[in-house]
Amino acid sequence: MAVQKSRRTRSTRGMRRSHDKLANATLSVDQESGEVHRRHHISPNGYYRGRQVIAPVETEKEEE
């Protein structure tokens, strides 16, 4: 079983953990619609790289 020889200092532990932070998602602007979306993902309107790849989902609202 591996046992460390000496205790890690708070500084060394912090330096190792400095790379564990979360990064913000990278955003892109669609060429056709000008809509902001995540990189390499389809925009909410169904566009990817300037082409419409899927038809947008239309929600039906009940009228009373």
Cut-off 3.5 Å, no hydrogens considered: what does the side-chain donor-acceptor table look like for residues 1-9, sequence neighbours left out?
{"residue": "Thr9", "atom": "OG1", "partner": "Thr12", "partner atom": "N", "Å": "3.2"}
{"residue": "Thr9", "atom": "OG1", "partner": "Thr12", "partner atom": "OG1", "Å": "2.9"}

| message | Just verifying a value: how many Å separate Asn24 CG and Lys21 NZ, rounded to the nearest 0.5 Å? | response | 10.5 Å
| note | Separation between CD (Gln52) and CD1 (Ile42), nearest 0.5 Å, reads 10.0 Å
| Contacts of type side chain to side chain donor-acceptor pair (under 3.5 Å), residue Arg10, not counting sequence neighbours | none
| note | The side-chain contact (heavy atoms from CB on, under 4.5 Å) partners of Leu22 (sequence neighbours excluded) come to none
| field | Tyr47 vs His37, side-chain contact (heavy atoms from CB on, under 4.5 Å): CA-CA, chis, key distance, verdict | value | CA-CA 10 Å; Tyr47 283 90; His37 62 91; over 6 Å; no
| When you check the side-chain N and O atoms of Ser28 and Arg39, is any donor under 3.5 Å from an acceptor? | yes
| field | Gap between atom CZ of Arg38 and atom OG1 of Thr26 - 0.5 Å precision | value | 9.0 Å
